[in-house]
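So the structure is just underneath, and the comments pick up after that.
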Amino acid sequence: MASTIDQHKASFLEALQTSAAEGSSARTQAREALETLEVPTRKWEDWKYTQVRDLLKASYTTSGLAVESTEGFLIPDLEGDVLVFVNGRFSPALSTFGSNGDNMHIAPMGHLSELLSGVVDTHLGELISDSNIFTATNTAYADQGVVIFVPNGKIAEHPIQIIHINHPGAEALASQHRNLFVVGKHAVAKVAETYFSIGEGTSFRNQVDELIVLDNGELEYVKIENESDQASIMGHTYGHLGRDSKIRMFTLTFSGELVRNNLHLKLAGENVNAQLNGVYLIDGSQHVDNYTKVDHAEPHCYSNELYKGIITGSATGVFSGYIHVWPDAQKTNAFQSNRNILLSDNANMYTKPQLEIYADDVKCSHGATTGRIDEGAIFYLRARGIPELEAQKMMIHAFTMETVESLSMEPVLAYIEEKITGRF
Amino acid sequence: MLSINNLHASVEGKEILKGLSLEIKPGEVHAIMGPNGSGKSTLASVLAGKEDYEITDGEVLFHGKDLLDLAPEERAGEGLFLAFQYPVEIPGVSMTNFLRTAVNSVREYRGQEVLSGGDFLKLMREKQAIVELDANLTKRSVNEGFSGGEKKRAEIFQMAMLEPTLSILDETDSGLDIDALRIVSEAVNKLRSPERSWLVITHYQRLLDHIVPDFVHVLYKGKIVKSGGKELALELEEKGYDWLKELNPA
């Protein structure tokens, strides 16, 4: 007899099944793999602090309520393409794209040109080295998402804004999303992706991104997760970085019932420069887990990871940072830091740095701190007439803004700044 | 203006102030001297509203209001300013942003119009000149990496910006070289007016050569044991704090 968890898995897969994109070998393989892949439990080291079993429990539908406009969802003053997905489906009416002309090929899945179909056939699923039930479900069935291809030597000046709005109705909504970005040699792209869930309903997103940056290419990729207390995210982002390439990633999580952001970057050529920063500001009973892995496979690469959290209520934050320096990766510079402020007695933070170094000429460091807000500083500000709440906002702003200093999209920076100071 | 009556305050169950009384009128400068551990800094902290202290008895009226009932920011709004003995470094908060927020918070409290960006910068330049503060310091984070003297001058600069009616200088002279001491004292003297009062807490008589007090009080074991004019500071300097033991045999 099948166990309860197997039944949940079966009904979860059934809900998310689509007939789209039959025939691709990656999809066929993923469908086969799903038969044996198990749901992670807390006994698995990588899932120790995050219970995902309950995500499969709900009986999901893939349709939700309508969203008529992008008002309140757009990043103000960010000019460029806007691609909007409502309840996981591309919304042509709310989207406009093509501002980069020939410098970027971009289309939602399902609307791909021959060239972009070729990109998908070549690369989809390529980077998923540690397939699990969520990534396999995504590869097997996700037929929505954005494909970006910047040809060699092209600079896509205009940023791409991808907006996901989930609006569940009475039934729990499940949506899947798959992004594939290929940034060619010497090419440049900038993407800001925002997630929202609105209304009182329950929702679950299963998201996979694959980012390929070829030699000397450059990608800036910002994710902002703005979810309701009934919304969960399972996100997997994989990056493959070629020689002399640069990536700047920033992940901001405001909320969500359960959020797991997996980020796995492979520095696959010499002299890669990777920055992966993040901020989470959570309260209530929210649970946010950032699981990151940086693979230094080649020499002379630099990675810098800085995640900061503010946790209040009885919320739980988790950070795992794994740095793996391969034997050939001499002259690696790899830094990692996770700093947290707990604003309440019941807030929790689990942080786990992990370094595995097999080369002997490297500079690596990691550090983690979890503490209270600096009461001495708060008193100093208040003694100058600044009200307590305002003083706290100033301190949170000061604590977190260091993580976004390197971002180049000014309107995104301003948006993040406003969101962060308005959070508590 | 400030009326302290039989103030008792403890920290972690240990009584530090043991029935302190003091009356400050508009325009007066009062100096409080005393040996280490006599309660000088506790008095400053209690008046500014630091939460680590428990008030067990007594009252403090400031402009007729119950000061101890007000939050620290309300005390600042009412016109109280504390120049910290150890100013706090706040990385990531720029001095300019901090001061603009502070000045406008206080102005809002006082029912005054909030300053525009231009007016604020003008005010800042004007007050910076009073303390001869390097303009670059205001671009940095609050007190971060400031030298000891710069920190103390920055405190006096903040005082000039916030225009308090009662300023408490908590050992502002400690650790200052003679030039910095002169700058700080001259700034205070320039700001003196019939409406503004000072409570100058110091360990050394030297500051009082520059900021001449109307009254000098000697704090010892949590109480004011002797009060007098400015000559009392000289007497104290000459006889040393051991003299207090003779005045107050245990």
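Worth knowing before you read on, the calculation uses all heavy atoms, side chains too, and leaves out hydrogens, waters and symmetry mates. Quick caveat, the model's predicted, so the values are computed rather than measured. Just so it is clear: chains get the letters A, B, ... in the order the sequence lines come, proteins before strands, and each one is counted from 1.
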Heavy atoms of other groups near A/Glu418 CD, more than 12 under 6.0 Å: no
Non-neighbouring partners of B/Glu155 that pass side chain to side chain donor-acceptor pair (under 3.5 Å), sequence neighbours left out: A/Tyr380, A/Arg384
Sequence-distant partners of A/Phe379, ring pair (Phe, Tyr, Trp, His ring centres under 6.0 Å), two or more places apart: B/Phe84
Side chains of A/Leu381 and B/Ile90 in contact at under 4.5 Å (non-hydrogen atoms): yes
Choice from B/Ala76, B/Pro72, B/Gly49 maximising heavy atom contacts with chain A below 4.5 Å: B/Pro72
Neighbour count above 12 (heavy atom, 6.0 Å) for B/Glu23 CD: yes
Atom group of B/Asp52 that falls short of 4.5 Å from chain A, counting heavy atoms: neither
Heavy-atom contacts under 4.5 Å, residues 388-407 of chain A to chain B: A/Glu388, A/Glu390, A/Met394, A/Met395, A/Ala398
Presence of salt bridge, B/Glu51 and A/Arg382, under 4.0 angstrom: yes
Within residues 101-139 of chain B, residues adjacent to chain A where the heavy-atom gap is under 4.5 Å: B/Thr101, B/Ala102, B/Ser105, B/Val106
Heavy-atom proximity to chain A below 4.5 Å, by part of B/Pro164: neither
